[in-house]
Colleague: 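Have a look at this one.
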Amino acid sequence: MTTQTDDTHVKIFDTTLRDGEQAPGFSMSTDAKLVVARALQALNVDIIEAGFAAASPGDTAAVRAVAEEITGPVICSLSRLNEADIEASARAIEPAAKKRIHTFIGTSPTHREAKLKLTKDEILKRISETVRFARSACEDIEFSPEDAIRTERDYLLEAVWAAIEAGAATINIPDTVGYTTPEEIADLFRFLKAETAGAENVVFSTHCHDDLGMAVANSLAAVRGGARQIECAINGIGERAGNCSMEEAVMALATRRDFFGLETQVETTKLYPASVALSRVTHNPIPRNKAIVGKNAFAHEAGIHQHGVLADKRTYEIMDAAAVGMPSNAIVLGKHSGKHALAARVKALGFKVSKHKIEDIFPDFKRLADTCREVTDADLVKLVTGNAYTDGRAGPWRMRRTELRADVEDGTRPYARITMEHDNGDRRTVAHDGDGPIDAAFAAVCAIADVPGRISVLDLHHLAAEGVVRAEAVVEVDDRLFTGHAQEVDIADAAVAAFVAAVNQAAAMRASAPAEEEMAATQ
Ligand code: KIV
Ligand code: ZN
């Protein structure tokens, strides 16, 4: 098949569901894979590698489920270079409107001698015969000489020729062990493009692992050398240290269009939602400092930075949070923050306070910031209104009793019965059902506090040495996010207590903001 390519278009080949899913701690059920596949469809990636059909019946089912439902991207399945694997892939991707088989064999000396125990010629013969077989099963064939980076250049060229002659339209050059450097890989792609007969009719692809932390840099360098497909994964997941991170590669190409002069067709505003979807289904939090999608990626705490960003975002931001689908730009209030940031946040909460009032509360704000990592919105409400709660609570509710039931009879749902008490003496008990007992408890807490909360992130860490669970709950209320923390011996108690801490902030805010008298006094 001849592939027509616009030379400025870089295809995004997503392998979250194959290479990513292979990594320990990231395996996904078919339902979980479908959640991620829908996020990839929304991103408008060119190709989704949905799995390795021959690996297990579960993998076959998952690839087929993706092929049945997802439209738009090409659906691809990985196969070793043998007929049985290729047939398994062909059957699994059969329902897809656009389909591809990706087949590979090791070509480096280590792979030939230690793993395959095949000679160079035997491997070349296998490539010719089996890629031809694959081509009879599917029109769109991609071939990878595994461990290409550590393969002798002249032999790599022979392997690539054999695959193209047998009908492969995409030649992927994997850095299987994450060993290359940007200069080296750019040079390799230039060499392959120059020396491959018919190079103009195939797409060269890059697939970099992150063992030395250079997967994104190497992928971008490969593109500079002539690659027009990047194999990557959401949040950079993949074997060992992972693959090239999709959000980083895509945003580098978009933000530095002036330098690369290249385009992808990715809908960048769907990057953050896809990252969150993957994090949710695999139960792996997004690292706070992760480029593009981490909590800190668009957050500023230092006073000088906050002043600059408030004056003009371009002072310290090269991208807009909205461009990657992040809910909002975060000015994190901490001990490094100044009066500009404090005034901006107080204003955003709905208070119309005078300059004088800001001067007034600033010393208390600094004192508070010294004692905690982050000054929350609820802390600010307390500072502005003068409200004070005891026990370190941020709001008026106190937890009195928690009863969770998961072992319910057939046909009934898990439920929770929660009792809470308001500082004004109001004691309320609510029983609620849910998808699980914790979900039910969250619903009951919201009903009691009359706060329309929705859990956005729940992080639980078991601290084995201390024998406690530390929980962080991010709860969305009226388009605002409130973060609650708690530490308990029991995991469920920790989750519910963190949720209550967040809801308490929202309740305090709703009860006091904007303070009428405060507004009146400053108008
Ligand atoms: O890293 C690798 O070599 C692979 C191939 C199967 C493409 O994942
Ligand atoms: Zn790989």
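Note that ligands are numbered from 1 as they come in the structure, with each ligand's atoms numbered from 1 the same way. Computation of the quantities below employed the complete heavy-atom set of this structure, encompassing side-chain atoms and omitting hydrogens, waters and symmetry-equivalent molecules.
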Colleague: Would you say Lys193 has more than 12 foreign heavy atoms packed within less than 6.0 Å of its NZ?
Modeller: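 Yes, because the 6.0 Å sphere around NZ of Lys193 holds more than 12 heavy atoms from other groups.
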Colleague: Taking atom types as modelled, is there a side-chain donor on Thr71 or Gln41 under 3.5 Å from an acceptor on the other?
Modeller: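 There is such a pair (donor and acceptor under 3.5 Å, judged by atom type) between the side chains of Thr71 and Gln41.
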Colleague: Could you work out, for atom 6 (C) of ligand 1, the closest of His111, His207, Arg18 by heavy-atom distance?
Modeller: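 Checking each option, the heavy atom nearest atom 6 (C) of ligand 1 is found in Arg18.
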Colleague: Is there a donor in the side chain of Thr170 and an acceptor in the side chain of Glu142, or the other way round, less than 3.5 Å apart?
Modeller: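 On atom types as modelled, these side chains do not qualify, holding no pair under 3.5 Å.
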Colleague: Return yes when at least one N/O/S atom of Asp19 is nearer than 2.8 Å to the Zn ion (ligand 2), and no when none is.
Modeller: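 Checking the Zn ion (ligand 2) against Asp19, an N, O or S atom does fall under 2.8 Å.
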Colleague: Would you check if there is a donor-acceptor pair between the side chains of Thr181 and Glu184 at a distance under 3.5 Å?
Modeller: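 No, because no side-chain N or O of Glu184 sits under 3.5 Å from a partner of the opposite role on Thr181.
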Colleague: Which of the numbered atoms in ligand 1 are below 4.0 angstrom from a heavy atom of Glu146?
Modeller: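 Counting atoms of ligand 1 from 1, those under 4.0 Å from Glu146 are 3 (O).
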Colleague: If you count heavy atoms of other groups shown closer than 6.0 angstrom to CD of Glu165, is the number above 12?
Modeller: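 No, the 6.0 Å shell around CD holds no more than 12 heavy atoms from other groups.
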Colleague: Of the side chain and backbone of His102, name the one, both, or neither that has a heavy atom under 4.0 Å from an atom of ligand 1.
Modeller: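 It is the side chain that touches ligand 1; the backbone stays farther off.
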Colleague: Answer side chain, backbone, both or neither: which part of Glu239 comes under 4.0 Å from ligand 1, heavy atoms only.
Modeller: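 None of Glu239 does.
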Colleague: Return the closest protein heavy atom for atom 3 (O) of ligand 1 as residue, atom name and distance.
Modeller: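 Result: Thr176 OG1, 2.6 Å.
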Colleague: Hey, which atoms in ligand 1 end up nearer than 4.0 Å to a heavy atom of His209?
Modeller: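 Heavy-atom distances to His209 below 4.0 Å select 1 (O).
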Colleague: Given the rule in the side-chain contact (heavy atoms from CB on, under 4.5 Å) test, do Arg80 and Thr103 qualify, once you have shown the distances and angles that lead to the verdict?
Modeller: CA-CA 5 Å; Arg80 284 163 298 189; Thr103 186; 6.0 Å; no
Colleague: With a cut-off of 4.0 Å, which atoms of ligand 1 are near a heavy atom of Asp19?
Modeller: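 Reading through ligand 1 atom by atom, the close ones are 8 (O).
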